[in-house]
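The next block holds one structure in the form of structure tokens; read it before the comments.
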Amino acid sequence: MTNLDILAKGADALGIELSNLQIGQFQSYLGSLAEWNKRTNLTSPAALENAERVHLLDSLTLIPLIRREAPNAQRLVDVGSGAGFPGLALKIAMPELHVVLVEATRKKAEFLKSMASSLGLGDVEVLAERAEAVARHDGYRQAFDVATARAIGQLSLVLELTLPLCKIGGVLMAQRGDDAQTEATSAAKVSNTLGGGKPIVEPAPAAEMEMRGSIAVVRKLSETPGRFPRRDGIPAKRPLT
Ligand code: SAH
């Protein structure tokens, strides 16, 4: 196993200090990810090969923005967490946060539960449910300071699944690809319908030279109408326009 030099250097560039305990947690996280991935499809072999960069550091690029946009954040929800990116990686780096990981695929949720417990992380909840259902539960709807979601689909889908979970004044931070600006412009109206402000695209802070990306930041300004999110599967099947 590597000693996570890439992660340590990248975190440093992001202004994040990682203790030996945290580096050790990231190490066992990657070890278990490789182990579980032999039996369960959690990540692609290529991504696993570069997991330090494409999974761990990529998750941590949200931290400077979280510190800037939600400096007093206590509760974070990650929707469609998969193998824990960015939600579980953020929890390791920011242990003071209460983190809820929403992951509908049972095997992946099992992995997340197993990780939270073996890494000794307190204050992590793993919900093996769809975000559409979670957003209707008391204690979860409009209950989060920060929502994240990576690689779950187009921005309007992300908005419908996450804005109902954000408190008014809370913020969505979604890692996006190359067409982020176009997407953000065309999702402005959908965001407004859901109680969100205009999506602002920020360049992801460079953790190292080879990394680039962008993050869509959306502030929740008013209550999300009760009819959103629509029932299970509809937000993905018929994204709001
Ligand atoms: N965020 C992770 C995983 C991306 S794959 C990463 O970037 O690596 C998308 C994941 O979202 C899948 O694991 C899928 O099961 C989950 N997912 C998709 N739609 C969902 C929904 N409506 N509710 C909960 N989980 C969902």
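Note that ligands are numbered from 1 as they come in the structure, with each ligand's atoms numbered from 1 the same way.
- Near Gly82, the atoms of ligand 1 lying under 4.0 angstrom from a non-hydrogen atom of the residue are 3 (C), 13 (O).
- For atom 20 (C) of ligand 1, the nearest protein heavy atom is 4.0 Å or more away.
- Proximity of a side-chain donor or acceptor of Arg219 to a complementary backbone N or O of Glu69 within less than 3.5 Å is detected.
- Using modelled atom types, no side-chain atom of Ser81 and backbone atom of Glu103 make a donor-acceptor pair closer than 3.5 Å.
- Contacts of Pro86 with ligand 1, taken as heavy-atom pairs under 4.0 Å, are absent altogether.
- The backbone N or O of Leu101 lies less than 3.5 Å from no partner atom in the side chain of Asp78, so there is not a single donor-acceptor pair.
- Looking from atom 26 (C) of ligand 1 to the surrounding protein, the closest heavy atom is Gly80 CA, 4.0 Å.
- Near Arg130, meaning under 4.0 Å from one of its heavy atoms, ligand 1 places the atoms 22 (N), 23 (N), 24 (C).
- When side chains are defined from C-beta on, Met94 counts as touching Ile63, because their heavy atoms get closer than 4.5 Å.
- The closest protein non-hydrogen atom to atom 16 (C) of ligand 1 is Glu103 OE1, 3.4 Å.
- Residue contact check: Glu132 has heavy atoms under 4.0 Å from atoms 21 (C), 22 (N) of ligand 1.
- Counting only distance, with no hydrogens or angles, the side chain of Ser28 and the backbone of Leu119 share no donor-acceptor pair below 3.5 Å.
- Numbered from 1 in the order shown, with element, the atoms of ligand 1 that lie under 4.0 Å from a heavy atom of Lys108 read 12 (C), 13 (O).
- Against a heavy-atom cut-off of under 4.0 Å, Leu161 is close to the following atoms of ligand 1: 22 (N).
- For the pair Gln142/Lys167, no side-chain contact is recorded, criterion being any heavy-atom separation below 4.5 Å from C-beta on.
- Under the side-chain contact (heavy atoms from CB on, under 4.5 Å) test applied with Leu90, the options Leu62, Val146, Val99 reduce to a single match, Leu62.
- Side chain of Lys220 to main chain of Leu163: a donor-acceptor pair is present (N/O by atom type, distance under 3.5 Å, no hydrogens or angles).
- Looking at atom 7 (O) of ligand 1, its nearest protein heavy atom turns out to be Arg150 NE, 2.6 Å.
- Distances from ligand 1 to the non-hydrogen atoms of Glu129 include at least one value under 4.0 Å.
- The nearest protein atom to atom 25 (N) of ligand 1, hydrogens excluded, is given as Ala104 N, 3.3 Å; this is a heavy-atom distance.
- For atom 2 (C) of ligand 1, a protein heavy-atom neighbour is present inside the 4.0 Å cut-off.
- Ligand 1 places these atoms under 4.0 Å from at least one heavy atom of Ala151: 4 (C), 5 (S), 7 (O), 9 (C).
- For the pair Thr40 (side chain) and Asn37 (backbone), a donor-acceptor distance under 3.5 Å is absent.
- Taking 4.0 Å as the cut-off between side-chain N and carboxylate O, Arg75 and Asp123 do not count as a salt-bridged pair.
- Given atom 23 (N) of ligand 1, the protein heavy atom at minimum distance is Ala131 N, 2.8 Å.
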